[in-house]
2 protein chains.
Amino acid sequence: MSLAIDRSKPQLTDKPTLYKQIRLDIERRILSGEWPPGHRIPFEHELMADYRCSRMTVSKALSELAQADLIERRRRAGTFVRRPKFLSAVLTISDIRAEITALGRSYGYQLIKCSRRIANATDRIRLGVGKTGKVIAIACRHSADAVPFAIEDRLIDLDAVPEAATADFAAEPPGSWLLHHVPWTEAEHAISAISADDEAAASLDIPIGAPCLVIDRHTWRGGRPLTAVRLIYPGESHKLVARFKGG
Amino acid sequence: MSLAIDRSKPQLTDKPTLYKQIRLDIERRILSGEWPPGHRIPFEHELMADYRCSRMTVSKALSELAQADLIERRRRAGTFVRRPKFLSAVLTISDIRAEITALGRSYGYQLIKCSRRIANATDRIRLGVGKTGKVIAIACRHSADAVPFAIEDRLIDLDAVPEAATADFAAEPPGSWLLHHVPWTEAEHAISAISADDEAAASLDIPIGAPCLVIDRHTWRGGRPLTAVRLIYPGESHKLVARFKGG
DNA sequence: GTGTTCGATATGTCTATACATATAATCACG
DNA sequence: CGTGATTATATGTATAGACATATCGAACAC
């Protein structure tokens, strides 16, 4: 297979490390289509010979590729290229303040409503908690260069996030505050489209009935609900972008 | 730290392997909040002593956690718990036929238009190719239990995907055909909301002006554009779901 | 005080070896 | 002709030791 690489001065001429070279080599072959899904890649002992290195080194390269789901390793059978896992993409949603300032626009924030109460039935369903407890309900608006950017309707479980009781949500948007103060372990986003009702239309300064992009996000820590939020963006002016890069 | 584990009969009593135990142990501490973001986790030589194992074993556990972005390793300084990477989630978009049949509903498909042509200026911009070439333009509709589910407007670069010339898009939806025949390496999705224009409204059997969820997807192989597609879903009946599970 | 050098140290890579374990392939048997 | 036991083999885990490399801090020079 003539894979042998230049190692005339083992740790001096090589820029990337050996296992990384092997990993990138295999990755390139997979992504270029040279080794299509289902293809059996050379056995470890073959790669050992090709690259003149120990099995541990080959194994390290293959293990990383396996962890990244590019290949599948089966004992006795060998190592195979995985078929791409049906269109998936990583959606990155930064907090809104960061998103707006990253665009070089000035960030504005207005707290519309902030109340503390004992969770009612609606709150409990929305958060997904069984027994009643204290919650904070927040409505606020984010703007970019003084133009309404999104409105936010949030519920925080005060029993799960007691520190929220002392936060000043008039000064700092709850999304930013939570992101910086409360670690979370699981999150779920549901993305849909709605027509602006009169309230949303007024807050966003758009016509009633205009299309809006909606993100409903739930966040947990160790299975316990922390917060539920609905973000409404004017639909035609906002896009969510998700990317997938093989490897 | 009293982390020592039971290894009275090294490879017999242990269910999970040693490095996996170490990995899960550390993972648990991080996800439970016991070791918060920024916390320095014990040095490798400390973990070696705690778990009575070699450094390679500890290192393997830490390397996997680092690859999964839960920790950050810095030479000379030590290993630290990373702060969560600003709300990110994995969005999985399966092809529409699979999505509908997975819901136990019957899948229907109508090809509305399919034409082959030399790429005009609009096509070139949409695909992001410089010089002109042949393309296939397809319009079609997907339905679930005979109810319109989504409409699709797609452009395929015939020079990048010559096999598409022989595909029968009246029999098989282009999304499914591409997924099964054409490997890709990069994809980008932009998600937005629009009002249904009269054409979309008629195809989807919804009122003109109704909110719709739009996915614009571009797919490349090795940096070369393969296809550009716009999918329009009735907004209130469809949700995209994205999840993030720590670890 | 300020910048430089240098040593200590934690992680990063690699080797050679050993044994464990899952399983594909083969073979013996009813 | 299946079918169950056996074997061969590729990956999986683990060890001990070696050297590479980045970098924090302290000692040093200016």
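Just so it is clear: chains get the letters A, B, ... in the order the sequence lines come, proteins before strands, and each one is counted from 1. Keep in mind the model is a prediction, meaning the values are calculated, not measured. Excluded from the calculations below are hydrogen atoms, water molecules and symmetry mates; all remaining heavy atoms, backbone and side chain alike, are included.
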Among [options], which nucleotide sits nearest the side chain of [X]?
X: B:Arg75; options: C:dA10, D:dT13, D:dG12; value: C:dA10
X: A:Thr17; options: D:dT13, D:dT15, C:dC14; value: C:dC14
X: B:His45; options: C:dA25, C:dA10, D:dT15; value: C:dA10
X: A:Glu44; options: D:dT11, D:dT9, D:dT13; value: D:dT11
X: B:Met56; options: D:dT23, D:dT13, D:dG17; value: D:dG17
X: A:Ser59; options: D:dT13, C:dA24, C:dT13; value: D:dT13

Specify the separation, in whole Å, of atom [atom1] of [X] and atom [atom2] of [N].
X: A:Lys20; N: C:dT11; atom1: NZ; atom2: P; answer: 16 Å
X: A:Met48; N: C:dA16; atom1: CE; atom2: P; answer: 8 Å
X: A:Tyr51; N: C:dT13; atom1: OH; atom2: C1'; answer: 17 Å
X: B:Arg55; N: D:dA16; atom1: CZ; atom2: P; answer: 13 Å
X: A:Arg23; N: C:dG12; atom1: CZ; atom2: C1'; answer: 14 Å
X: A:Lys60; N: D:dT15; atom1: NZ; atom2: P; answer: 16 Å
X: B:Leu18; N: C:dA20; atom1: CG; atom2: C1'; answer: 14 Å
X: B:Arg76; N: C:dG7; atom1: CZ; atom2: P; answer: 14 Å

State whether A:Tyr109 and A:Arg141 meet the cation-pi test: NZ (Lys) or CZ (Arg) under 6.0 Å from the six-membered ring centroid, and within 45° of the perpendicular axis. no

Roughly how bent is the helix from C:dG1-D:dC30 to C:dG30-D:dC1 end to end, in steps of 10 degrees, with each end axis from five pairs? 10°

To the nearest 0.5 Å, atom CZ of A:Phe169 lies from atom CG of A:Leu178 at 6.0 Å

Hey, which sits more toward the 5' end of DNA chain C by its nearest nucleotide, B:Ser63 or A:Thr57? B:Ser63

So which one's nearest nucleotide on DNA chain C is more toward 5', A:Tyr19 or A:Ala77? A:Tyr19

May I ask you to say what B:Arg74 touches in the nucleic acid, namely base, sugar-phosphate or nothing, with a heavy-atom cut-off under 4.0 Å? sugar-phosphate

What's B:Thr79 touching, base or sugar-phosphate or nothing? Going by heavy atoms closer than 4.0 Å. sugar-phosphate

Which atom names give the shortest non-hydrogen contact between B:Val81 and B:Pro36, and what distance separates them? CB-O, 3.4 Å

